[in-house]
Amino acid sequence: QVQLVESGGGLVQAGGSLTLSCAGSGLTFSTYNMGWFRQAPGKEREFVASIGRSAGRTKYADFVKGRFTISRDNAKSTVNLRMNSLQPEDTAVYYCAASNSRVVLSTTPGLYNYWGRGTQVTVSS
């Protein structure tokens, strides 16, 4: 069975940094596009970042404003999200997702096949 296990969430002050990690198992990791999404209370799940199978292509949501970096290590079946200059509006549950869709760097949740359990990121003022 496919499993995505996330780690790295927590509480950080505004302006601080966090790195989220997602470890995959039960799938040929290198054949999947990977993405990060987030969902804040009372809001819909939104796209954050995605990365291609070979890590040669990436895509980011506009609100990232150059602050976040997505990366992957297929040898270790992991995908990471480095978040810098965090602000209170970044507070949300962050989800790791895997997609075998032919659509490159999809921003649509429905095109992702597997999801992690989510990790809470809280940014204080």
Side-chain angles (χ1 to χ4, degrees):
Q1 57 182 356
V2 175
Q3 187 175 18
L4 301 176
V5 181
E6 300 155 327
S7 61
L11 175 65
V12 65
Q13 292 185 338
S17 299
L18 284 174
T19 298
L20 306 182
S21 296
C22 173
S25 62
L27 78 169
T28 304
F29 191 82
S30 62
T31 67
Y32 284 80
N33 297 300
M34 301 298 298
W36 286 96
F37 294 77
R38 71 185 189 185
Q39 188 166 20
K43 296 184 178 180
E44 295 184 348
R45 188 168 299 186
E46 63 180 350
F47 169 78
V48 177
S50 60
I51 188 167
R53 295 176 176 87
S54 65
R57 302 176 70 177
T58 58
K59 189 173 185 178
Y60 297 93
D62 289 341
F63 62 74
V64 170
K65 300 179 181 179
R67 299 177 296 133
F68 295 3
T69 302
I70 188 171
S71 61
R72 69 188 296 163
D73 185 342
N74 288 336
K76 298 181 178 180
S77 297
T78 59
V79 60
N80 300 323
L81 183 69
R82 177 64 176 175
M83 304 184 294
N84 296 321
S85 301
L86 286 164
Q87 300 300 312
E89 53 264 38
D90 295 315
T91 296
V93 176
Y94 284 71
Y95 298 91
C96 171
S99 172
N100 62 4
S101 171
R102 295 180 62 186
V103 177
V104 179
L105 304 177
S106 177
T107 63
T108 304
L111 293 181
Y112 285 79
N113 306 88
Y114 305 106
W115 293 82
R117 64 193 68 179
T119 184
Q120 177 70 48
V121 172
T122 302
V123 185
S124 62
S125 301

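Among residue pairs with one or both ends in residues 6-15, none qualify as side-chain hydrogen bond (donor to acceptor under 3.5 Å, both in side chains); sequence neighbours excluded. Note on residues 55-89: no pairs pass disulfide bond (SG atoms under 2.5 Å apart), not counting sequence neighbours.
Separating the CZ atom in R53 from the OG atom in S30 is a distance of 9.5 Å, to the nearest 0.5 Å.
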Donor-acceptor pairs under 3.5 Å, side chain of residues 21-28 to any protein atom, not counting sequence neighbours: which ones?
{"residue": "S21", "atom": "OG", "partner": "N80", "partner atom": "OD1", "Å": "3.0"}

Without placing hydrogens or testing angles, list every side-chain donor-acceptor pair under 3.5 Å for residues 35-43, not counting sequence neighbours.
{"residue": "R38", "atom": "NE", "partner": "E46", "partner atom": "OE2", "Å": "2.8"}
{"residue": "R38", "atom": "NH1", "partner": "D90", "partner atom": "OD1", "Å": "2.9"}
{"residue": "R38", "atom": "NH1", "partner": "Y94", "partner atom": "OH", "Å": "2.9"}
{"residue": "R38", "atom": "NH2", "partner": "E46", "partner atom": "OE2", "Å": "3.3"}
{"residue": "Q39", "atom": "NE2", "partner": "K43", "partner atom": "O", "Å": "3.1"}

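The same ILVMFWY cluster, assembled from side-chain heavy atoms under 4.5 Å apart, contains both V64 and L18. Under the 4.5 Å side-chain heavy-atom criterion for Ile, Leu, Val, Met, Phe, Trp and Tyr, Y95 and M83 are members of distinct hydrophobic clusters. Connection of Y114 to I70 is established within a shared hydrophobic cluster, with ILVMFWY side chains joined at heavy-atom distances below 4.5 Å, either directly or through further cluster members. No path of Ile, Leu, Val, Met, Phe, Trp and Tyr side chains, each step under 4.5 Å between heavy atoms, connects F63 with V93, placing them in separate hydrophobic clusters. Hydrophobic clustering (side-chain heavy atoms under 4.5 Å, transitive across Ile, Leu, Val, Met, Phe, Trp, Tyr) groups W115 together with F47.
In this structure, the side chains of Q120 and T91 come closer than 4.5 Å at one or more pairs of heavy atoms. Y112 is listed as a side-chain neighbour of S106, based on a closest heavy-atom distance under 4.5 Å. Side-chain atoms of L81 and V48, non-hydrogen and from C-beta on, do get closer than 4.5 Å to each other. Residues N84 and F68 fail the side-chain proximity criterion, which asks for heavy atoms closer than 4.5 Å. Two residues are said to be in side-chain contact when any heavy atoms from C-beta on lie closer than 4.5 Å; V79 and I51 meet this criterion. Annotation: side chain of V121 is in contact with side chain of L20 (closest heavy-atom distance under 4.5 Å). The shortest distance between side-chain heavy atoms of F29 and M34 falls below 4.5 Å.
The main-chain N or O of T31 is never found under 3.5 Å from a side-chain atom of N100 such that the two would form a donor-acceptor pair.
Residues meeting the side-chain hydrogen bond (donor to acceptor under 3.5 Å, both in side chains) test with T19, sequence neighbours left out: R82. Residues forming a salt bridge (charged side-chain N to carboxylate O under 4.0 Å, His left out) with R72 (at least two apart in sequence, or on another chain): none.
Across S85 and S17, no two heavy atoms sit closer than the pair N-OG, 4.2 Å. Between G52 and L105, the closest heavy-atom pair is N-CD2, 3.4 Å.
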